[in-house]
Structure formats: structure tokens, C-alpha cells
Amino acid sequence: MSTTDTSNSPITNRRRGTLQLWSRTLIPTLREAPAEASTPSHRLMLRAGCIRQVGAGVYDFLPLGMRVLQKVSQIVREEMDAAGASEMLMPAIVPIELYAGTKRDVDYGDLLFKLTDRHGRDAALGPTHEETVTEMAKGSVTSYKQLPLNVYQIQTKFRDEFRPRAGLLRGREFLMKDAYSFHTTVEGDGGLNETYDRMYQAYVNVFTRCGLDFTVVEAEAGPIGGSASHEFMVNAETGEDTILVCPETGYAANVEKCEIGDRDWSFDTDATTDLTKKHTPGMPGIDLVAEHLGVKPEGMLKTIVFAKIGGDKRKYVLATVRGDHDVNEGKVRDVVGFPIALADEKEAKEAGFAIGYVSPRMAATRDDTLLVIDPDATGGVWATGSDEKDHHVTGFIWARDLGADLPTKDQQGGKIRVADVRNAGEGDPSPRLPGAKLVARRGIEVGHIFKLGTKYAQAFDFTVLNEQQKKTTVIMGCYGIGVSRTIAASIEQRHDEWGIIWPVPIAPYHVVITVMDPKNDEQSKLADKLATELVEAGADVLIDDRNERPGVKFKDADLIGLPVRLTIGDKALAENCVEFKLRSEDGKGRLVDIADAVKETLSKLA
RNA sequence: CUGGGUGUAGCUCAGCUUGGUAGAGUGCGUGCCUUGGAAGCACGAGGCCAGAGGUUCGAAUCCUCUCACCCAGACCA
């Protein structure tokens with residue numbers, strides 16, 4: 001027991017740990033995982049009794065899982081507060097009109113959980129709260145003097161996912177921290193950039209404190225331009241996102257965003273093969289066609305038809321990449337300089353494009369069509385579409401078949417251009433250092449920060465008077481962390497065949513004291529004594545007091561993955577010792593003198 | 001939404017082809033025996049066989065429809 005009164009002081013920094021008896025809480029471990037779980041984190045969280053599935057993408061958080069949720073939330077809270085943000089709470093139920101204001105009720109589409117109340121009013125369960133927070137701020141912020149402002153909440157979010165999967169990694173209901181900042185300027189004191197940078201650092205702090213190995217990547221740029229968006233990716237082979245990093249310079253980006261370094265290109269070739277039409281019926285996909293033609297996918301050209309969005313006259317953009325590459329819509333858009341979307345198949349066919357069999361030659365014969373060619377799709381001889389249903393051609397040669405319309409390196413900007421318009425991949429040249437190559441890795445997105453600009457403020461006509469007495473539209477940033485997903489990501493990253501291996505900062509308890517024989521007075525008294533001392537020092541302790549066989553207790557301890565296990569049994573007691581084992585280490589542990597057990601434990605938790 | 005798969009005990013699954021008393025392992029309860037990596041013996045509780053309709057004397061089993069869940073695909077914290 002503490003001799004001073006500080007533990008009861010409301011302003012003390014000292015944190016008293018939690019003590020729980022296994023027999024008095026609910027940790028329903030499973031020997032076998034329910035059949036529906038295949039992802040490691042999903043299986044292990046179910047088996048360890050952290051969560052339980054209620055419906056598709058919907059879970060109970062049982063006591064153990066709840067404690068992890070709380071730990072991560074608390075770290076997030078501390079770092080947000082330290083970064084100058086203020087916690088608040090918005091409703092989960094949001095009137096649909098709010099989303100209609102930014103047309104996101106349409107943009108989100110079926111992803112939005114909608115409900116109707118007894119009066120017939122439509123509402124949505126909030127998937128995120130840009131609209132709500134903007135409306136809130138508009139009503140309460142009236143002067144530039146109140147800015148900058150940064151508010152956040154930690155709240156359950158709802159998204160009616162097409163396909164919920166992998167347990168907590170993609171649920172329909174999940175815990176998220178979302179923050180929103182408001183500014184009158186982008187640059188300078190109190191500007192968006194300043195807050196963005198602080199949030200960036202806060203995110204680095206959060207994920208570092210959570211004990212995660214992560215990579216920050218550049219993501220799709222926002223309306224303001226520059227590196228206006230970053231994603232925080234937990235490195236894990238099982239991740240569903242691909243990221244690319246340049247090991248030499250530290251550059252990292254997601255597939256959508258990743259630039260590719262300079263690639264040489266030319267339309268010159270000595271080849272003189274004839275253009276030959278081949279019948280290729282009923283073969284969806286490049287691979288099948290390539291096989292039929294006896295060429296490799298990388299010997300083919302793939303041409304995708306995009307249509308300009310807006311404008312009175314229909315305008316088309318063809319993007320040609322090598323058959324084994326993927327067209328990057330954002331890059332195409334940036335090259336042509338106007339918004340585009342994948343052309344509607346029916347409409348494009350009516351306009352004369354043989355979808356599935358389109359060749360770059362279409363651009364030469366049409367005034368309303370631009371062509372953008374990826375550097376890797378220039379050069380020699382190709383197989384490609386024939387602009388006629390069920391037919392492809394071999395022996396396609398740019399210089400001969402498109403001739404004079406082709407650009408040269410000195411003369412770009414016409415209706416046919418050469419530019420990087422494909423997704424980056426492993427081995428591509430780094431955009432930051434000549435000679436360096438990009439490496440592909442897998443990751444799980446747990447955080448995303450974004451410079452929103454004025455999109456929402458404009459939609460809600462949220463303006464303030466600035467120092468010069470001029471009305472200015474408020475500039476916003478938004479910043480999200482998937483709290484429940486972070487937990488799953490941690491497990492994806494750290495587990496073994498026996499169970500979870502929690503990092504100390506987010507472990508539900510720090511220590512499990514395994515009492516070999518709970519009916520033995522000496523053993524249980526010692527467990528209580530050690531636990532009390534540990535709790536006094538701020539550790540969270542779980543005493544396994546169940547009347548189970550040792551094997552069961554050891555297996556369960558490994559499964560739930562607490563960082564330290566202290567085992568109290570006759571063998572060690574005979575030598576005045578307890579057994580000390582870290583979950584992260586193999587083996588059976590080592591004997592530690594009873595008198596040193598607490599100190600030894602605390603030193604490993606620091 | 002599209003394609004594939006699965007619904008039988010808390011969990012993992014058999015039984016279905018060829019209709020006829022509902023099965024195993026594990027878990028759970030009680031007792032004994034045990035006590036260092038899910039041990040052993042005995043007894044016991046536990047199922048509207050996803051739901052509805054149909055065929056049949058009779059359906060977990062055959063037919064039809066519905067629902068739920070999982071896996072793979074254009075997205076995202």
C-alpha cells in the first residue's frame with residue numbers, strides 16, 4: 001500500500017494499474033477458431049476471446065478487446081491533445097440533408113448506412129463527419145480570431161461495405177478517431193500547413209507509441225496540390241495495400257500516387273513485320289489473348305478509353321500501356337489537364353470504340369480523341385487490338401501505323417503524348433534518385449491525413465471576416481485513424497503460431513501471473529503480493545487463478561499474448577523464485593528471485 | 001452487386017449419394033484420480049439439423065423459394 005495520498009489525487013500523474021482475476025472476468029478462449037475466420041488477426045482475436053462476431057462486419061468487443069481499444073484510444077487522445085486538438089463528440093445519426101449538401105449522399109452511394117425514423121425523415125449513420133463538423137463550426141466560429149481550430153472525436157463509424165472482411169480490418173462498424181482543422185490561410189502562423197505538419201508528427205508519435213512498425217506514404221494529392229495527403233501504413237505481408245518505397249531516398253507512396261522516375265523512350269525500330277489480323281473471339285483479359293497469339297502480355301499494348309467529364313462536346317482520352325501494366329487514372333487526368341472517368345462501355349461502343357479491342361490508332365482517325373502513351377509502351381513491335389470486335393493484330397509498329405502524328409521528345413503537347421500513366425511497380429526507377437529502384441511492400445492503412453482545402457466550407461458557405469475585414473472561405477484539413485483496425489494491424493504484424501504478441505503499450509494487461517495451484521495458499525498469497533506491488537507501480541495485471549491444469553494455462557497465456565508471464569509454482573518456490581518469461585521470447589522462461597520479480601518485470605515494461 | 005462455397009451441439013465437423021430412433025471429437029456440468037504445455041476414467045446436460053413451402057405413410061437427407069455467413073473481385077480508417 002502506498003504511504004502517501006497521491007494515488008487519490010485528481011491531478012496526480014501517477015497511474016495505478018488494474019488488477020483482475022481471470023476467473024472473475026470473461027476471456028472465452030477457443031481451442032479451435034470459428035470456421036469463418038481466415039485472417040491471422042481475425043482468428044487470433046476470436047480465439048483469444050477479444051471479440052466475437054455478431055453479424056457480417058459487426059463485432060462484440062469482449063473485456064480483453066475492449067481494454068486494447070481503450071489503450072490505443074488513450075494514446076491517440078494524449079497525442080491529439082498534445083498537438084493542440086480538442087476532443088468533442090458528434091452524433092452517429094446524421095440527417096441525410098447534411099450529406100446532400102455536398103452530394104456525398106450520392107458519392108458515397110450504398111456505402112452510406114441509411115435509416116428512416118418514425119416520421120419518415122431520412123438519416124445516415126455517419127461514415128465520417130466533415131459535413132457535421134463544418135456545420136457545427138459554421139454556427140459557432142464567426143471570427144478569424146477563433147482560428148485556427150482543431151477538434152477531434154473518437155467514435156464508432158458506420159460504412160455499409162460491399163464486402164466486410166478479415167474481422168476488424170474491414171468492418172461495417174468500427175472505431176475511428178477523426179479530427180478536423182479550420183484555418184484562414186494555408187501558409188504561415190495558424191495556417192493549414194502548420195497544423196498538418198503537427199498532425200503528421202502526432203500520427204508518427206501515436207503509431208510509434210503503439211509499438212508498430214509503419215511507413216508513411218504519399219497519397220493522392222488533394223485540391224491544394226503538393227504532398228497534400230499522407231497515409232500511415234503498418235508494414236505487414238498480409239496487408240491489402242501495396243506501397244512503393246525507394247530504399248535510397250526514403251521516398252514512399254501508395255500505388256495510386258507513386259511517381260516513376262524518368263524512363264527513356266523512342267518510336268524507332270528496325271523491325272519490318274507485317275501487320276496481321278488475328279481472330280480472338282471470347283477472350284476476356286490480356287492474358288488469354290496473349291496466350292492465344294503466342295506472345296507474352298508484356299509484348300502487348302493495352303488501351304483504355306476514358307471520357308472527359310463535363311463540357312458540352314464529348315471528348316475521349318485513350319491511355320496505352322504495356323499489357324502487363326495497369327493504367328493509372330489520376331496520372332492520365334494530370335497529363336490531359338481535365339477530369340476524366342472510365343468511358344461508359346455502351347456509350348463508347350456507340351461512339352465507335354470496339355471496347356476490348358481498341359488500338360491506339362483510333363486516336364489518329366478521330367478529332368475528339370487524345371492519346372497518352374506510357375514510355376514502356378513505345379518502341380518496337382507489338383500485338384494490340386484491331387478496333388474490330390473479336391480481332392487483334394500482331395506486328396503493330398508505332399512509326400509505321402501511326403506515322404506522322406507521333407510526338408518526339410522535343411515536341412510534346414499535341415494530341416498524342418508520351419507520359420507516365422501507369423501504376424508503379426517493383427523495380428521501377430525511383431522518382432527521387434537516378435539509378436535507384438522502387439521496392440514494393442504490403443501494408444495496412446491505419447491513418448490518413450488530408451488537406452481538404454475549401455471543399456466543405458464552400459458547400460456550407462462557411463466564411464469568416466479576416467483581419468482586413470474581408471470575407472474569406474475557411475480552409476480545412478482532416479485527419480483519421482482507424483482505432484479498431486490499428487489493433488488488428490498490430491496482430492497481423494506481431495503474432496506466432498501460438499497466439500498474439502501484444503506490444504507493451506497496447507497490451508490489455510502487462511502481466512499475467514500464472515498460479516499453478518490456486519488452492520495452494522502460499523502460491524496465491526504470493527500472486528496477490530506481486531500483483532499488488534506491480535499495480536502500485538502502474539502495471540496492469542491479470543492473475544490466472546483458474547483451477548485448470550498448467551498446460552491449459554500456459555496455452556491460454558500464449559494465446560492472449562500479454563508481454564510478461566510470471567509463473568508461481570512449487571518448483572520455483574522451493575528455490576525462493578518465480579518463473580519469468582517474456583511472450584516475445586521462446587522457451588520456458590527463467591527463474592528470478594521473488595524479491596527481484598517486480599523490479600525485473602517493471603524493467604521489461606519500461 | 002457478380003462469381004464460388006458453407007449453414008447439423010458453445011467450437012471443429014461427420015451423416016445427405018440410396019428418405020425410416022440425431023452422431024463424433026473438443027468444450028460444458030458432477031465425481032474420482034491428478035497437477036509444468038490443452039492428461040485419464042466414469043456419469044451427465046446440451047440440437048425446431050438456418051427458415052418457409054412442397055413431394056412422401058415418413059424429410060437433416062429429395063425439390064422450390066428465402067435468409068444468413070465465408071472466400072475472390074471496381075474501395076477504404
Side-chain angles (χ1 to χ4, degrees), chain A residues 28-39 42-43 46-47 49 52-58 72 76 107-111 126-129 154-179 203 206-207 219-220 229 231-234 239-241 254-256 285 326 329 341-342 443-450 478-489 498-499 514-520 523 546-559 565 567-573 579 581 586-589:
Chain A
T29 56
L30 299 171
R31 180 182 290 212
E32 286 167 294
E36 67 261 21
S38 52
T39 314
H42 192 194
R43 290 174 66 87
L46 286 166
R47 285 193 56 210
R52 209 174 166 89
Q53 179 155 7
V54 177
V58 178
V72 175
V76 169
D107 290 350
Y108 258 106
D110 292 335
L111 209 57
T128 169
H129 284 72
I154 299 175
Q155 182 203 39
T156 302
K157 294 286 194 273
F158 301 87
R159 288 185 196 172
D160 195 359
E161 291 285 347
F162 301 108
R163 186 156 89 79
R165 85 180 93 127
L168 261 35
L169 283 175
R170 164 154 306 157
R172 295 197 296 169
E173 184 184 318
F174 55 95
L175 195 67
M176 174 172 161
K177 186 282 306 180
D178 48 327
Y203 273 44
V206 165
F207 296 120
E220 185 79 357
S229 180
E231 290 173 345
F232 293 73
M233 316 284 292
V234 168
E240 45 182 1
D241 295 299
N254 66 16
V255 171
E256 288 74 40
D326 290 315
E329 192 175 320
L342 204 58
I444 300 165
E445 184 188 356
V446 290
H448 197 162
I449 58 178
F450 210 98
C478 73
Y479 320 88
I481 290 179
V483 176
S484 43
R485 179 184 276 186
T486 299
I487 294 170
W498 305 112
T514 301
V515 185
M516 299 304 290
D517 181 7
K519 281 176 292 198
N520 176 314
Q523 292 187 19
R546 293 175 303 167
N547 192 18
E548 287 286 354
R549 300 179 53 83
V552 174
K553 296 186 172 196
F554 291 142
K555 290 286 188 194
D556 273 348
D558 286 345
L559 182 56
R565 188 184 84 201
T567 307
I568 298 177
D570 285 336
K571 289 180 187 169
L573 276 183
E579 197 178 295
K581 179 181 178 301
D586 289 335
K588 306 224 165 191

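Throughout, protein chains are lettered first and strands after them, A, B, ... in sequence-line order, and every chain is numbered starting at 1.
Here B/rG27 sits opposite no nucleotide as a Watson-Crick or G-U wobble pair (both hydrogen-bonding atom distances under 3.5 Å). Using N1 to N3 plus N6-O4 or O6-N4 for Watson-Crick, or N1-O2 and O6-N3 for G-U wobble, each under 3.5 Å, B/rA39 pairs with nothing. With a 3.5 Å ceiling on both atom-pair distances, B/rU55 lacks any Watson-Crick or G-U wobble partner. Applying the Watson-Crick and G-U wobble criteria (two distances, each under 3.5 Å), B/rU17 pairs with nothing in any strand. Within the shown strands, B/rC71 is the pairing partner of B/rG3 under the Watson-Crick or G-U definition, both distances less than 3.5 Å.
The same atom, C1', is picked in B/rA72 and in B/rU66; the two are 24 Å apart, to the nearest Å. For the P atom pair drawn from B/rC43 and B/rG37, the interatomic distance equals 28 Å after rounding to whole Å. Taking atom C1' on both nucleotides, B/rU6 is separated from B/rA60 by 15 Å, rounded to a whole Å. B/rG53 sits 23 Å from B/rG47 when the C1' atoms are compared, rounded to a whole Å. Comparing B/rG58 with B/rC13, their C1' atoms are spaced 28 Å from each other, to the whole Å. The C1' atoms of B/rA38 and B/rG25 are separated by 14 Å, rounded to the nearest whole Å. Straight-line distance between the P atoms of B/rA14 and B/rA42: roughly 27 Å, to the nearest whole Å. Between B/rC33 and B/rC41, the two C1' atoms lie 8 Å apart (nearest whole Å).
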Close N or O pairs between protein and nucleotides 42-50 of chain B (under 3.5 Å):
none

Provide a list of protein-nucleic acid N or O atom pairs under 3.5 angstrom, restricted to nucleotides 2-13 of chain B.
residue: B/rC11; atom: O2'; partner: A/E32; partner atom: O; Å: 3.3
residue: B/rU12; atom: OP1; partner: A/A35; partner atom: N; Å: 2.2
residue: B/rU12; atom: O4'; partner: A/E32; partner atom: OE1; Å: 3.4
residue: B/rU12; atom: O2'; partner: A/E32; partner atom: OE2; Å: 3.4

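With a 4.5 Å cut-off on side-chain heavy atoms, A/K157 and A/D178 count as touching. A 4.5 Å side-chain heavy-atom check between A/R565 and A/E579 finds at least one atom pair inside the cut-off. When side chains are defined from C-beta on, A/K519 counts as touching A/N547, because their heavy atoms get closer than 4.5 Å. Counting heavy atoms from C-beta outward, A/K177 and A/V206 have side chains that stay 4.5 Å or more apart. Contact annotation: the side chain of A/F554 approaches that of A/M516 to within less than 4.5 Å [non-hydrogen atoms, C-beta and beyond]. Side-chain contact check for A/I481 versus A/T486: some heavy-atom pair is nearer than 4.5 Å.
Straight-line distance from the CG atom of A/N547 to the P atom of B/rC32: 12 Å, rounded to whole Å. If you measure from atom CG of A/L169 to atom C1' of B/rC71, you get 15 Å, rounded to the nearest angstrom. Taking atom CD of residue A/E548 and atom C1' of nucleotide B/rU34, one finds them 13 Å apart after rounding to whole Å. Computed from coordinates, the A/R546 CZ to B/rG36 P distance equals 16 Å when rounded to whole Å. Between A/R165 atom CZ and B/rC1 atom P the separation is 17 Å, expressed in whole Å. Distance A/F158 CZ to B/rA77 P: 17 Å, rounded to the nearest Å. When rounded to the nearest whole Å, the span between CZ of A/R172 and P of B/rC69 equals 7 Å. Atom pair A/K553:NZ and B/rU34:P shows a separation of 19 Å (rounding to whole Å applied).
Within 4.0 Å (heavy atoms only), A/Q53 reaches sugar-phosphate atoms of the nucleic acid but no base atom. Heavy atoms of A/D178 sit nowhere under 4.0 angstrom from any nucleic acid atom. When heavy atoms are screened at a 4.0 angstrom cut-off, A/E579 is found touching base atoms of the nucleic acid. In this structure, A/G589 reaches neither bases nor backbone, as no heavy-atom distance under 4.0 Å exists between it and the strands shown. No engagement by A/D570 is indicated, since no non-hydrogen atom pair under 4.0 Å with the nucleic acid exists.
Here A/H129 pairs with nothing under the ring-ring contact (aromatic ring centres under 6.0 Å, His included) rule; sequence neighbours left out.
Residues A/T39 and A/V483 both approach RNA chain B. Their nearest nucleotides, taken by heavy-atom distance, put A/T39 toward the 5′ side. In terms of position along RNA chain B, the nucleotide closest to A/F554 lies nearer the 5' end than the nucleotide closest to the other residue of the pair A/F554 and A/E240.
No option in A/R549, A/R546, A/R47 other than A/R546 meets the salt bridge (Lys or Arg N to Asp or Glu O under 4.0 Å) test with A/D556. Of the candidates A/D517, A/T514, A/T567, A/D570, A/Q523 forms a side chain to side chain donor-acceptor pair (under 3.5 Å) with just one, namely A/D570.
Residue-to-nucleotide contacts include a donor-acceptor pair under 3.5 Å from the side chain of A/R549 to the base of B/rA39.
Glycosidic conformation of B/rU21 is syn; the angle stays within 90° of 0.
To the nearest 0.5 Å, the span separating OG1 on A/T39 from CD on A/E240 amounts to 9.0 Å. If you take OH on A/Y203 and NE2 on A/H448, they are separated by 9.5 Å, rounding to the nearest 0.5 Å.
With B/rA77, B/rC69, B/rA38 as the choices, the nucleotide that has an atom nearest any side-chain atom of A/R159 turns out to be B/rA77.
Counting non-hydrogen atoms of neighbouring residues, nucleotides and ligands closer than 6.0 angstrom, the CZ atom of A/R52 reaches no more than 12 such neighbours.
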